[in-house]
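A short worksheet on the structure shown next.
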Amino acid sequence: MKILIINGPNLNLLGVREPEIYGDSSFDKYLPELQKRYPDIEISYFQSNVEGELINKLQEVGFSYDGIVLNAGAYTHTSIALQDCIRSLKSPVVEVHISNVHQREPFRRKSMISCVCKGVICGFGLDSYRLAIEALRVKSEE
């Protein structure tokens with residue numbers, strides 16, 4: 001099984017950026033924990049602050065990978081281009097957020113991509129990524 005985790009804008013600053021919301025661990029420290037926990041799954045990672053690069057990566061893997069875990073960051077709330085891209089893919093996409101976006105500012109409560117994702121997981125910190133992998137794993141066993 002092959003899963004790609006994609007993080008969008010500003011998520012390269014995890015561990016530094018607003019630790020009261022996003023925690024104090026970087027994703028680079030968390031990724032090896034996921035890979036160790038799931039030795040039977042090839043988990044790769046991509047991060048970009050650029051919307052077009054996210055779309056390029058989704059298109060690159062979206063027809064061959066078993067699943068994609070996507071934290072689109074602020075593009076979640078604004079990007080119809082990401083929505084259109086996800087809609088065209090064969091690989092299932094799970095939308096992930098570290099914080100509970102429904103407890104935050106009103107503009108964060110609307111996702112432009114949820115309608116084309118297999119599911120949404122939010123509010124469990126970095127563990128949201130693990131939960132998304134579990135969901136994709138179960139989906140592939142069906």
Quick one: do Ile113 and Tyr75 satisfy side-chain contact (heavy atoms from CB on, under 4.5 Å)? Show the steps, please. CA-CA 9 Å; Ile113 63 173; Tyr75 290 135; over 6 Å; no
Taking it one step at a time, do Val96 and Ile5 satisfy side-chain contact (heavy atoms from CB on, under 4.5 Å)? CA-CA 10 Å; Val96 163; Ile5 297 171; over 6 Å; no
Residues Ile121, Glu95; criterion side-chain contact (heavy atoms from CB on, under 4.5 Å); working and verdict: CA-CA 6 Å; Ile121 299 172; Glu95 177 183 343; over 6 Å; no
Residue pair Glu33, Tyr129: steps toward the side-chain contact (heavy atoms from CB on, under 4.5 Å) verdict: CA-CA 11 Å; Glu33 293 175 31; Tyr129 294 91; over 6 Å; no
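Checking side-chain atoms of Gln59 against main-chain N and O of Cys85 turns up no donor-acceptor pair under 3.5 Å. Checked by atom type and distance alone, the side chain of Ser91 never pairs as donor or acceptor with a backbone atom of Ile68 at under 3.5 Å. A donor-acceptor pair under 3.5 Å is formed between the side chain of Asp66 and the backbone N or O of Lys2.
Under the 4.0 Å criterion applied to side-chain N and carboxylate O atoms, Lys57 and Glu60 are assigned as salt-bridge partners.
The NZ atom of Lys110 sits 12.5 Å away from atom OG1 of Thr78, with the distance rounded to the nearest 0.5 Å. To the nearest 0.5 Å, the span separating CG on Leu136 from CD1 on Ile43 amounts to 10.0 Å. From Leu31, atom CG reaches atom CG of Leu126 across 10.5 Å, with rounding to the nearest 0.5 Å. Between the SG atom of Cys122 and the CD1 atom of Ile98 there is a distance of 11.5 Å, given to the nearest 0.5 Å. Put simply, OG on Ser88 and CD on Gln83 are 11.0 Å apart, with the number rounded to the nearest 0.5 Å.
Placement of Leu34 and Val69 within a single hydrophobic cluster is found when ILVMFWY residues are connected by side-chain heavy-atom separations under 4.5 Å, directly or transitively. Side-chain heavy atoms closer than 4.5 Å link hydrophobic residues (I, L, V, M, F, W, Y) into clusters, and following such links, even through other members, never connects Ile6 to Ile133. Linking Ile, Leu, Val, Met, Phe, Trp and Tyr whenever their side-chain heavy atoms come within less than 4.5 Å puts Phe124 and Tyr30 in one cluster. No path of Ile, Leu, Val, Met, Phe, Trp and Tyr side chains, each step under 4.5 Å between heavy atoms, connects Met112 with Leu70, placing them in separate hydrophobic clusters. Linking Ile, Leu, Val, Met, Phe, Trp and Tyr whenever their side-chain heavy atoms come within less than 4.5 Å puts Phe46 and Tyr65 in one cluster.
For Asn49 and Glu51, the side-chain atoms include no donor-acceptor pair closer than 3.5 Å. The closest side-chain donor-acceptor pair between Asp28 and Tyr45, if any, does not fall under 3.5 angstrom. Between the side chains of Glu134 and Tyr38, at least one donor N or O lies within less than 3.5 Å of an accepting N or O.
Proximity of Val94 to Leu131: side-chain heavy atoms (C-beta onward) are nowhere separated by under 4.5 Å.
The minimum heavy-atom distance between Leu54 and Asn7, with the atom names listed, is CD2-O, 3.8 Å. Listed here is the closest heavy atom pair of Pro9 and Ala72: CD-O, 3.4 Å. Nearest heavy atoms, Gln47 versus Leu11: NE2-N, 4.2 Å.
Because its NZ or CZ atom is not both nearer than 6.0 Å to the ring centre of Phe63 and within 45° of the ring axis, Lys90 does not count as a cation-pi partner of that residue.
Applying the under-4.5 Å side-chain rule to Ile, Leu, Val, Met, Phe, Trp and Tyr, the cluster around Val50 consists of that residue alone.
In this structure, Ser128 has no side chain to side chain donor-acceptor pair (under 3.5 Å) partners at least two apart in sequence or on a different chain.
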